[in-house]
Amino acid sequence: MSRRRGMMSEGFKYELAKDLGFYETVKEEGWGAIRSRDAGNMVKRAIELAELQLAKQNNRS
């Protein structure tokens, strides 16, 4: 079974990590070192940003 490709770019994930305050952990220890709460917050923030982007696009139409 093949592994699914990630939906978020690496750059976007690093930006989210910086915004949420756990970038140093990722930089020093990798993504496996973050807490599950941090991972959840990262996904939650990505969804919020995507929804904002969609709202902006819909308002232009």
Side-chain angles (χ1 to χ4, degrees):
M1 186 153 112
S2 68
R3 187 175 180 127
R4 273 183 46 182
R5 201 176 93 192
M7 297 297 290
M8 289 189 267
S9 72
E10 284 297 308
F12 184 55
K13 289 194 291 188
Y14 283 110
E15 288 299 318
L16 290 173
K18 287 176 187 175
D19 290 344
L20 296 171
F22 55 89
Y23 174 74
E24 288 301 317
T25 301
V26 172
K27 188 172 105 177
E28 293 172 10
E29 302 176 44
W31 289 106
I34 66 172
R35 299 178 303 169
S36 57
R37 176 175 286 176
D38 291 333
N41 287 338
M42 190 170 79
V43 171
K44 182 179 176 182
R45 182 66 179 140
I47 291 169
E48 289 171 353
L49 292 172
E51 288 174 341
L52 286 172
Q53 189 68 22
L54 283 172
K56 285 181 184 178
Q57 288 177 358
N58 288 337
N59 285 336
R60 289 187 217 165
S61 300

Quiz: residues 31-51 side-chain donor-acceptor pairs under 3.5 angstrom, not counting sequence neighbours:
unit_1	atom_1	unit_2	atom_2	d
R35	NE	D38	OD2	3.3
R35	NH2	D38	OD1	3.1
N41	ND2	R37	O	3.4
R45	NH1	E48	OE1	3.3

Give, for atom [atom1] of [X] and atom [atom2] of [Y], the distance between the pair rounded to the nearest 0.5 Å.
X: N59; Y: Q57; atom1: CG; atom2: CD; answer: 10.5 Å
X: E28; Y: Y23; atom1: CD; atom2: OH; answer: 10.0 Å
X: E24; Y: K18; atom1: CD; atom2: NZ; answer: 9.5 Å

Next on the checklist: So L16 and M8, do their side chains get closer than 4.5 Å, heavy atoms only?
Outcome noted: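 They are in contact (side-chain heavy atoms under 4.5 Å apart), so the answer is yes.
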